[in-house]
K.L.:
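Sharing a structure, written as structure tokens. Questions coming.
As a basis for the values below, the full set of heavy atoms in this structure was taken, side chains included, without hydrogen atoms, waters or symmetry mates. Per chain, numbering begins at 1; letters A, B, ... match sequence-line order.
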2 protein chains.
Amino acid sequence: MAIDRAKGVALRAKGLADEVYDVLFKKLLLLEIPAGSRITVDNLVRELGVSQTPIREALGRLEGEGLVVKAHFVGYSAAPQISRQKFGELYELRLLLEPFSARQAALNMTSETLSSLRRIELEMSELGNNKRQARYSSFARLDAAFHDEMLAVAGNELIRETLAHLHTHFHIFRLIFRSNVTEDAINEHAAILSAFDNKDGDAAEIAMQVHIARSRERLLQAFQE
Amino acid sequence: MAIDRAKGVALRAKGLADEVYDVLFKKLLLLEIPAGSRITVDNLVRELGVSQTPIREALGRLEGEGLVVKAHFVGYSAAPQISRQKFGELYELRLLLEPFSARQAALNMTSETLSSLRRIELEMSELGNNKRQARYSSFARLDAAFHDEMLAVAGNELIRETLAHLHTHFHIFRLIFRSNVTEDAINEHAAILSAFDNKDGDAAEIAMQVHIARSRERLLQAFQE
DNA sequence: ATTAAGTTTATCGTATAGGATATAGGATAT
DNA sequence: ATATCCTATATCCTATACGATAAACTTAAT
């Protein structure tokens, strides 16, 4: 896990702070650092083998992105678990942005992106045989890729960045409640893909709306268990 | 301008990094640091009288929020000026979020918020006599307050935060092109206020849509000058 | 037994020194 | 005259030492 300084130039070109950032980001996404738990600078110094400065800089960036919070003279912690209130707000926002983006994507769709989306879809459908843990983790990654690729084609980078940012929190939430949400989503994605194939903006918008609304219903059960 | 360490406890309770953050944020918003210009750590050390660590931490946070960018072994710079492309994307996003929020705000409107919005509106209309520079600066602040107050009542904090974040970049843009956009906006705000007063969601949504679309047209001229 | 005060420890916050790199300017060779 | 190489400087990047604070633990008194 330690960062190998012997890599020399290639590593230093990016800067240690960037490396530390990537490591911490990944740990947060994989829940190796549980939501709400403390993150001490000294521990990271020992664990990663770098000095405090790049670690503080990386934590500062994560703080700016809302993934960690800081209390004066207490230190950093991973951001707390998403609340039910926040969950509802997140889906309201997705419903405003993604159906619109799906429409745009349908109108701008290229054959390259379409085949790329089909490949993602194929990979998803082949996950059924894997173990539950591995399956869910892969599914989450592929689902993120599907939506992100669509947003790239839709053409509004600001919307794409905004949702990518929110997706991080969303992802952490989903990982905690390992709901079995894989199979249904595949059918819904197929409907979206079909609309993309026909360059049918109306159909794409509606299909995406259905997809997100149903996703919300599926995950909402996690709060009631 | 220097941070007074003699303030002692009160200052330290917030942490120097937070103080530095506030100072830099304000400088960026007031364009005391022009878009794209270099921000050197050493200069800030001398100017603010604090060590490098809190400055780096503050810069890291600003980087996470997209207000500054960093190049390895080169240093930090203020984020570059918004492009025409980005400008279009920003308004597309606003048109997706703010009319919807205006509808929600109309349905949830309270008498307290309504009178608060009216007070903002009154202040705006009284700015006409001031000097152009002071007038514009005050107008921008009041316009931001108007939209933010509406978003607070609308109820979705995530949308509010998202737009507040974007508003920073938007504000910097407007400040550079000191377009004379004050008078028209006042009339458009009045239409929104009227819909709020009647708790008329449809009217509020449409009025906000018109307001943002016209605002876009007014500012778009800045790119063509 | 419980509470409160004092002490200890872990951690953050700050400062300074030294090494590494990129950029700019000048000198030299063609 | 131009292009290339070299040198110098400003700046970032890293490491370490020291001070300040808050939380945890222990001890003693009621």
Side-chain angles (χ1 to χ4, degrees), chain A residues 1-24 27 33-34 36-64 67-80, chain B residues 1-24 27 33-34 36-64 67-80:
Chain A
M1 183 52 67
I3 295 175
D4 187 4
R5 297 207 57 203
K7 283 183 186 170
V9 176
L11 182 67
R12 310 183 74 88
K14 260 188 80 181
L16 283 185
D18 300 271
E19 291 287 328
V20 173
Y21 174 87
D22 289 342
V23 169
L24 287 176
K27 276 175 179 264
I33 302 175
S37 70
R38 293 280 298 276
I39 302 175
T40 66
V41 174
D42 278 5
N43 285 345
L44 291 173
V45 166
R46 282 189 289 274
E47 184 179 344
L48 303 179
V50 298
S51 73
Q52 293 190 4
T53 312
I55 290 171
R56 289 176 182 284
E57 193 165 329
L59 286 170
R61 251 165 77 190
L62 290 166
E63 188 190 8
L67 286 174
V68 307
V69 294
K70 180 189 172 189
H72 188 55
F73 279 122
V74 173
Y76 290 95
S77 316
Chain B
M1 182 55 66
I3 295 176
D4 187 3
R5 297 206 58 203
K7 282 182 186 171
V9 177
L11 181 67
R12 309 181 75 90
K14 259 188 82 181
L16 283 185
D18 300 271
E19 291 287 328
V20 172
Y21 174 87
D22 288 342
V23 169
L24 288 175
K27 275 176 180 263
I33 301 174
S37 70
R38 293 280 297 277
I39 303 176
T40 67
V41 175
D42 279 4
N43 284 344
L44 290 173
V45 167
R46 282 189 288 274
E47 184 178 343
L48 303 179
V50 299
S51 72
Q52 292 190 5
T53 312
I55 289 171
R56 289 179 179 282
E57 192 166 330
L59 285 170
R61 251 164 77 190
L62 290 166
E63 188 190 9
L67 286 174
V68 307
V69 294
K70 177 189 172 187
H72 188 54
F73 280 123
V74 173
Y76 290 95
S77 316

K.L.:
Quick one: on DNA chain C, does A:Gly75 or A:Thr53 contact a more 5' nucleotide (nearest heavy atom)?
P.N.:
A:Gly75

K.L.:
Would you mind reading off the distance between B:Gln52 atom CD and D:dC12 atom P, rounded to a whole angstrom?
P.N.:
8 Å

K.L.:
Kindly express the pairing pattern of DNA chain C in dot-bracket notation, using | wherever a base pairs with another strand and counting only Watson-Crick or G-U pairs under 3.5 Å.
P.N.:
||||||||||||||||||||||||||||||

K.L.:
Are side-chain heavy atoms of B:Leu67 and B:Leu24 found at a separation under 4.5 Å?
P.N.:
no

K.L.:
In whole Å, what is the span from the CG atom of B:Leu16 to the P atom of D:dG19?
P.N.:
17 Å

K.L.:
Would you kindly give the CG-to-P distance between A:Asp42 and C:dT9, to the nearest whole Å?
P.N.:
16 Å

K.L.:
Taking atom P of D:dA10 as reference, at what distance in whole Å does atom CG of B:Asn43 sit?
P.N.:
12 Å

K.L.:
Taking the side chain as everything from C-beta on, heavy atoms only, tell me whether B:Arg38 gets closer than 4.5 Å to B:Val74.
P.N.:
yes

K.L.:
Do the side chains of B:Val50 and B:Val20 get nearer than 4.5 Å, heavy atoms only?
P.N.:
yes

K.L.:
For the side chain of B:Ser51, counting heavy atoms from C-beta on, which of C:dT16, D:dC12, C:dG13 is nearest?
P.N.:
C:dT16

K.L.:
Give the rounded distance in Å between these two atoms: CD1 of B:Ile39 and C1' of D:dC12.
P.N.:
14 Å

K.L.:
So A:Leu62 and A:Ile39, side-chain contact (heavy atoms from CB on, under 4.5 Å) or not? Walk me through it.
P.N.:
CA-CA 12 Å; A:Leu62 290 166; A:Ile39 302 175; over 6 Å; no

K.L.:
For residues B:Glu63 and B:Leu59, determine if any side-chain heavy atom of one lies less than 4.5 Å from a side-chain heavy atom of the other.
P.N.:
no

K.L.:
Return the residues of residues 55-63 of chain A meeting this criterion: a heavy atom under 4.0 Å from some atom of DNA chain D. Order them by number, or give none.
P.N.:
none

K.L.:
Separation of A:Lys70 atom NZ from C:dC12 atom P, in whole Å?
P.N.:
10 Å

K.L.:
Which heavy atom of B:Ala78 sits nearest a heavy atom of B:Pro34, and at what distance?
P.N.:
CB-O, 3.4 Å

K.L.:
Can you check whether A:Asp42 reaches A:Gln52 side chain to side chain, under 4.5 Å on heavy atoms?
P.N.:
yes

K.L.:
In terms of side-chain heavy atoms of A:Thr40, which of D:dC12, C:dT11, D:dC13 is nearest?
P.N.:
C:dT11

K.L.:
Quick one: which protein N/O atoms are closer than 3.5 Å to N/O atoms of nucleotides 22-25 of chain C? Pair and distance per line, please.
P.N.:
none

K.L.:
Going by side chain to side chain contact (heavy atoms under 4.5 Å, CB included), name the residues that satisfy it together with B:Ser51, two or more places apart in sequence or in a different chain.
P.N.:
B:Thr53, B:Pro54

K.L.:
Enter the distance from B:Glu57:CD to A:Glu57:CD here, rounded to the nearest 0.5 Å.
P.N.:
10.0 Å

K.L.:
How close do B:Ala58 and B:Ala17 get, heavy atom to heavy atom, and via which atoms?
P.N.:
CB-O, 3.7 Å

K.L.:
Whole angstrom is fine here: how far is it from OH in B:Tyr76 over to P in D:dC13?
P.N.:
7 Å

K.L.:
Residues two or more places apart in sequence or in another chain: which of them pass side chain to side chain donor-acceptor pair (under 3.5 Å) with B:Asn43?
P.N.:
B:Thr40, B:Arg46

K.L.:
I need the A:Lys70 NZ to B:Arg61 CZ distance, nearest 0.5 Å.
P.N.:
7.0 Å

K.L.:
Which part of the nucleic acid does A:Leu44 contact within heavy-atom distance under 4.0 Å: base, sugar-phosphate only, or nothing?
P.N.:
nothing

K.L.:
Between D:dA10 atom P and B:Arg46 atom CZ, what is the distance in whole Å?
P.N.:
10 Å

